[in-house]
Amino acid sequence: MTEVLKTLILGSGPAGYTAAIYAARANLAPTLLTGRQPGGQLTITSEVENYPGFPEGVMGPEMMERFKAQAERFGTVVLDEFAATVDMSKRPFTVTTENGMTFKSETLIISTGASALYLGLPNEKLLQGRGVSACATCDGFFFKNKVVYVVGGGDSACEEANFLTKYASKVYLCVRRDALRASKIMQDRALKNPKIEVLWNTAVTDVFDVKANKVNGLELQDTKSGVKRKVPADGLFLAIGHQPNTELFRGVLKMDDKGYIQTVPGKAATNVPGVFAAGDCQDSYYRQAITAAGSGCMAAIEVERFLEDQHGK
């Protein structure tokens with residue numbers, strides 16, 4: 001494409017689509033590249049019940065289709081493309097996709113999200129949304145009076161385990177070592193919770209059952225003896241961290257030690273003028289659909305004002 005866009009949005013999901021809605025309504029004629037996972041992490045989430053405006057709940061994939069339709073209604077061009085290279089050395093910025101499409105844009109909104117880290121088990125991703133989850137806040141409600149297992153030994157794992165006790169009848173915390181890595185206060189909360197039982201020196205080596213189309217058991221292994229055993233389970237929650245999808249911008253955009261893009265406090269602006277970041281690629285704390293959508297709104301408004309300043313309007 002030879003036309004210079006006013007704004008190009010990299011990544012979909014609540015942040016990208018919300019940015020597109022606001023940018024389109026501001027007559028910025030945005031183009032959005034969906035990335036490798038159109039719709040983001042919500043497309044692998046079952047029912048969403050904590051997003052305002054959906055009192056009966058909504059399936060994650062359906063919610064993202066609605067976001068997309070709303071963005072397109074106002075004129076956003078949505079393309080199923082993945083950015084392969086980004087040149088931010090000068091404006092307009094240049095983005096080339098894996099399929100060889102080239103875009104030039106006065107501004108960029110980066111909403112590439114983050115990916116939950118998984119164990120790499122064969123059945124793990126096949127059972128996502130059917131008992132395997134990486135978000136207790138999103139899916140905990142569906143495990144009322146159920147037996148669930150949480151994998152991890154850090155703050156996130158302890159926090160997820162504690163949260164799940166609001167719903168589950170029993171929560172097992174699988175820790176590969178004989179100690180937790182979590183902060184003292186988080187350890188105390190988990191260890192003192194009567195619904196949580198910590199399984200020390202324990203790894204999850206398989207999850208069942210694809211034929212049943214839902215989780216009904218796990219295979220556990222003692223990390224010291226190597227002995228394996230099968231246990232019944234209704235859910236498996238992974239709390240071993242998230243990886244922001246920001247490798248493409250490393251060395252150019254300012255990031256923290258985990259790769260999350262750092263923005264100006266309270267804003268979406270990055271260290272490169274004209275480049276803005278929204279959603280889970282810059283948020284390691286909340287990681288919720290509604291906060292991602294909010295930051296997408298912020299990014300679009302900042303883009304509009306940035307362009308007004310640049311063009312002296």
Side-chain angles (χ1 to χ4, degrees), residues 7-23 30-45 60 63-64 67-68 71 76 78-88 93 95-98 103 105 107-118 134-135 137-138 156 240-303 306:
T7 191
L8 178 65
I9 301 168
L10 305 182
S12 42
Y17 284 137
T18 302
I21 291 165
Y22 274 79
T31 292
L32 181 149
L33 309 184
T34 61
R36 284 208 174 97
Q37 188 177 23
Q41 294 183 72
L42 278 183
T43 59
I44 58 171
T45 300
M63 185 180 185
M64 286 301 91
F67 271 56
K68 179 184 177 184
T76 302
V78 178
L79 301 173
D80 288 333
E81 293 282 342
F82 177 79
T85 64
V86 179
D87 182 358
M88 289 183 273
F93 307 117
V95 175
T96 303
T97 72
E98 282 188 334
F103 300 85
S105 183
T107 63
L108 293 176
I109 295 177
I110 297 171
S111 55
T112 48
S115 300
L117 297 177
Y118 286 85
C135 180
T137 308
C138 309
S156 294
I240 54 178
H242 285 74
Q243 179 67 44
N245 303 320
T246 57
E247 188 61 34
L248 188 60
F249 319 108
R250 193 172 295 279
V252 180
L253 296 183
K254 188 177 180 182
M255 302 179 186
D256 66 13
D257 56 357
K258 293 183 179 178
Y260 287 92
I261 297 171
Q262 294 186 322
T263 57
V264 174
K267 292 191 175 183
T270 70
N271 61 297
V272 176
V275 178
F276 304 84
D280 287 9
C281 67
Q282 56 85 46
D283 172 22
S284 63
Y285 187 77
Y286 297 104
R287 297 199 305 268
Q288 298 298 303
I290 192 165
T291 51
S295 64
C297 164
M298 292 165 58
I301 290 174
E302 289 181 48
V303 162
F306 175 85

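Source: prediction; values computed, not measured.
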Member of Leu79, Ile9, Leu8 meeting the side-chain contact (heavy atoms from CB on, under 4.5 Å) criterion with Leu32
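Of the listed options, the one satisfying the test is Ile9.
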
Contact between [X] and [Y] at the side-chain level, heavy atoms closer than 4.5 Å - yes or no?
X: Phe103; Y: Phe93; result: no
X: Met88; Y: Leu253; result: yes
X: Val272; Y: Val252; result: yes
X: Ser156; Y: His242; result: no

Residues two or more places apart in sequence or in another chain: which of them pass side chain to side chain donor-acceptor pair (under 3.5 Å) with [X]?
X: Glu98; value: Arg36
X: Asp87; value: Ser89
X: Thr291; value: none
X: Glu81; value: Thr97, Asn99

For atom OH of Tyr22, decide whether the heavy atoms of other residues, nucleotides or ligands shown that lie under 6.0 angstrom number more than 12.
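Counting other residues, nucleotides and ligands, OH of Tyr22 stays at 12 neighbours or fewer.
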
Would you say Ser295 and Asp283 are linked by a side-chain donor-acceptor pair, where the criterion is simply a distance under 3.5 Å?
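Their side chains do not contain a donor-acceptor pair, so the 3.5 Å distance test is not met.
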
Which value, rounded to the nearest 0.5 Å, describes the distance between Thr246 atom OG1 and Asp280 atom CG?
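Atom-to-atom, Thr246:OG1 and Asp280:CG are 11.5 Å apart.
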
Residues forming a disulfide bond (SG atoms under 2.5 Å apart) with Cys135, sequence neighbours excluded:
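Disulfide bond (SG atoms under 2.5 Å apart) check on Cys135 returns Cys138.
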
Kindly list each side-chain donor-acceptor pair under 3.5 angstrom involving residues 260-268, sequence neighbours excluded, with atom names and distances?
residue: Thr263; atom: OG1; partner: Lys267; partner atom: O; Å: 3.1

